[in-house]
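Worksheet: the structure to be examined is printed underneath.
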Protein chains: 2
Amino acid sequence: MKLKSVDISKTASASSIVFEALRKAIIEGELTEGEPLRQDEIARLFNTSRIPVREAISRLEEQGLVKTQRYKGAVVSGLSVGEAEEIFDFRALIEPEVIRRAVPLMSPDILDAARASCAAFSESSDPMRWGDLNRDFHSALYSASGLQYHLDVIDNAMDRVDRYLRAQLVLSNGMERANDEHLMILEACAAGDASLAAERTRLHITSARQSLIQNIHSLR
Amino acid sequence: MKLKSVDISKTASASSIVFEALRKAIIEGELTEGEPLRQDEIARLFNTSRIPVREAISRLEEQGLVKTQRYKGAVVSGLSVGEAEEIFDFRALIEPEVIRRAVPLMSPDILDAARASCAAFSESSDPMRWGDLNRDFHSALYSASGLQYHLDVIDNAMDRVDRYLRAQLVLSNGMERANDEHLMILEACAAGDASLAAERTRLHITSARQSLIQNIHSLR
DNA sequence: ATTCAGTAGATTGGATCCAGAAAATGGCAC
DNA sequence: GTGCCATTTTCTGGATCCAATCTACTGAAT
């Protein structure tokens with residue numbers, strides 16, 4: 001008997017559907033900073049009651065994506081430029097190390113997947129997709145490390161600065177430079193040079209940070 | 001009229017009380033790995049309904065402290081030795097950098113606070129308190145950095161390995177060595193030598209990691 | 001004895017309902 | 001018209017209730 005096995009226990013609950021949807025909406029900037037999340041409204045939107053919505057919101061708060069005040073509700077939590085810088089610094093610290101440890105473990109499959117994401121990134125003309133493809137590329141490489149905790153932490157950091165990352169890609173020549181840097185990182189990985197890949201990853205992140213700071217005026 | 005002002009908006013909600021209590025119980029090992037969390041039971045324990053309990057559990061899951069399966073409930077999520085090692089590696093990467101950036105900003109007040117925690121740590125004969133005092137000491141120093149995101153991430157990492165940390169302190173001469181290392185770190189901080197403080201912090205963490213691996217048998 | 005369907009109890013996920021707090025509204029004095 | 005207080009409305013936090021699912025047990029067929 002050949003059946004595609006589906007882990008039935010992982011069918012999504014209402015609360016996780018709401019959680020994922022809100023998370024996506026927040027990191028992509030559809031819900032903007034300070035915007036209040038009305039439980040009723042969201043519940044109606046998803047044809048559910050407020051209970052799953054509240055669970056979703058409390059999870060979002062744990063992730064730092066919203067802030068709640070008792071009896072006042074939740075608002076999308078913004079990120080000051082200073083906070084964004086801090087998170088870029090954080091990424092510049094951890095991601096190079098993850099890729100350093102990933103390089104020796106990179107299978108051809110993984111390199112191919114990364115190449116594919118990279119190509120899709122460079123070819124896409126839709127700025128809205130750049131953010132996703134950019135993350136796909138990095139995730140593909142990092143995942144080879146097998147460092148689950150590190151990967152989770154990186155994901156959270158990326159979530160938080162996602163809006164800034166997207167903004168940074170569309171302005172000036174952010175997209176072109178990111179693509180160049182991706183190719184350089186890929187090259188180092190393919191060559192098996194872990195230290196070089198790490199250093200290039202570090203530069204990739206710090207250059208995004210720099211570009212963010214310089215263009216801060218056009219973002220606000 | 002002199003009244004001690006209390007921010008009434010921060011009076012804890014039922015769900016956060018439950019959350020904090022469960023978090024503490026888990027990281028201190030009162031609730032052991034694999035132990036199921038029965039919503040009813042917990043609700044009765046706190047004289048509340050299951051709603052706040054469920055919110056607390058979903059927050060705990062977001063923090064990685066429990067794992068839930070749909071319709072089956074939540075169990076305290078354990079940590080394999082490999083995962084604990086990964087988190088120690090993570091700490092060894094990030095905490096030195098935080099202290100490096102904290103040193104130039106350390107006021108005498110903060111140094112005093114750290115000295116106090118350190119002294120309390122060395123004098124305490126209650127193994128159950130060592131874990132707390134150890135964290136107090138490090139937190140005091142790190143907090144000077146003002147890097148809120150880094151601090152949050154470190155807290156989460158500490159939560160996850162708290163049980164291993166405590167275990168590591170009680171066995172062999174873990175406590176003595178930790179105390180020596182604390183004094184060395186403190187000395188470097190007081191002298192304003194950021195790089196030295198960073199390096200000593202790194203060694204402090206990797207030595208705990210080593211000790212954990214060597215004594216792994218006696219822990220299981 | 002073993003295996004399997006069927007059932008009852010336990011447990012979770014979600015809906016509805018209620019109380020308390022915050023915001024909005026509407027007089028009312030000035 | 002403006003500022004202030006009371007009332008109404010809106011909204012959140014929590015309690016209770018219901019449905020869906022899991023689990024343990026029973027008992028019958030083989």
Side-chain angles (χ1 to χ4, degrees), chain A residues 1 3 5-23 25-26 31-77, chain B residues 3 5-23 25-26 31-78:
Chain A
M1 180 166 63
L3 281 178
S5 79
V6 173
D7 188 345
I8 200 89
S9 74
K10 279 182 185 154
T11 52
S13 63
S15 89
S16 38
I17 290 173
V18 175
F19 171 74
E20 289 299 338
L22 289 179
R23 173 182 161 277
I26 292 173
L31 294 171
T32 57
E33 171 173 352
E35 191 155 340
L37 301 177
R38 300 279 162 231
Q39 301 177 359
D40 263 326
E41 188 185 350
I42 297 168
R44 271 197 306 276
L45 228 58
F46 287 85
N47 273 319
T48 177
S49 81
R50 281 169 45 220
I51 298 290
V53 175
R54 281 163 56 178
E55 260 172 52
I57 288 178
S58 69
R59 286 165 67 181
L60 289 169
E61 174 162 38
E62 211 58 39
Q63 289 271 307
L65 293 175
V66 307
K67 282 191 172 56
T68 68
Q69 268 191 307
R70 196 153 192 230
Y71 297 119
K72 285 194 181 179
V75 297
V76 177
S77 61
Chain B
L3 280 179
S5 81
V6 173
D7 188 345
I8 200 83
S9 74
K10 279 180 187 157
T11 52
S13 64
S15 89
S16 36
I17 290 173
V18 175
F19 172 75
E20 289 300 338
L22 290 179
R23 172 181 162 277
I26 292 173
L31 294 171
T32 57
E33 170 173 353
E35 190 154 340
L37 300 177
R38 298 281 161 231
Q39 300 177 0
D40 259 325
E41 187 185 348
I42 297 169
R44 271 197 304 278
L45 228 58
F46 287 84
N47 273 319
T48 178
S49 80
R50 281 169 45 221
I51 299 289
V53 175
R54 280 161 56 177
E55 260 172 49
I57 288 178
S58 69
R59 287 165 65 182
L60 289 170
E61 175 162 38
E62 211 56 39
Q63 290 270 306
L65 293 176
V66 308
K67 282 190 170 57
T68 68
Q69 270 192 307
R70 195 142 135 92
Y71 296 116
K72 285 194 179 176
V75 297
V76 177
S77 60

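All chains are named by letter (A, B, ...) in the order of the sequence lines, taking the proteins before the strands, and each is independently numbered beginning at 1.
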Spacing between B:Glu41 atom CD and C:dT11 atom C1', to the nearest angstrom: 12 Å
Length of the line joining B:Glu55:CD and C:dG14:C1', which is rounded to integer Å: 13 Å
Under 3.5 Å donor-acceptor, B:Thr68 side chain and B:Gly73 backbone: no
Distance, rounded to the nearest Å, where A:Arg38 contributes CZ and D:dT10 contributes P: 12 Å
Close side-chain approach of B:Ser58 to A:Ser58, heavy-atom, < 4.5 Å: yes
Pair A:Arg44 + A:Glu41: basic N to acidic O under 4.0 Å: no
Under 4.0 angstrom between B:Gln39 side-chain N/O and C:dG13 OP1 or OP2: yes
Nearest-angstrom distance from the residue atom CD1 of A:Ile57 to P of D:dC11: 13 Å
B:Lys72 side chain near C:dG13 phosphate (N/O to OP1/OP2, under 4.0 Å): no
Any B:Ser15 side-chain nitrogen or oxygen under 4.0 Å from OP1 or OP2 of D:dG13: no
Under-3.5 Å donor-acceptor pair between B:Arg54 side chain and C:dG14 base: yes
Interatomic distance, B:Leu37 CG vs C:dT12 P [rounded to whole Å]: 9 Å
Value in whole Å for how far the C1' atom of D:dT21 lies from CZ of B:Arg70: 9 Å
Any donor-acceptor pair under 3.5 Å from B:Ser77 side chain to B:Leu65 backbone: yes
Any A:Thr48 side-chain N or O less than 4.0 Å from OP1/OP2 of C:dA15: yes
d(CZ, B:Arg44; P, C:dT11) in whole Å: 9 Å
Options C:dG14, D:dG14, D:dC22, nucleotide nearest the side-chain atoms of A:Ala14: C:dG14
Integer-rounded Å distance: D:dG13 C1' and A:Gln69 CD: 15 Å
A:Arg59 with A:Glu62: basic N within carboxylate O range, under 4.0 Å: no
C:dG13 phosphate, OP1 or OP2, under 4.0 Å from B:Arg50 side-chain N/O: no
Of A:Tyr71 and A:Asn47, the one whose closest DNA chain C nucleotide lies more 5': A:Asn47
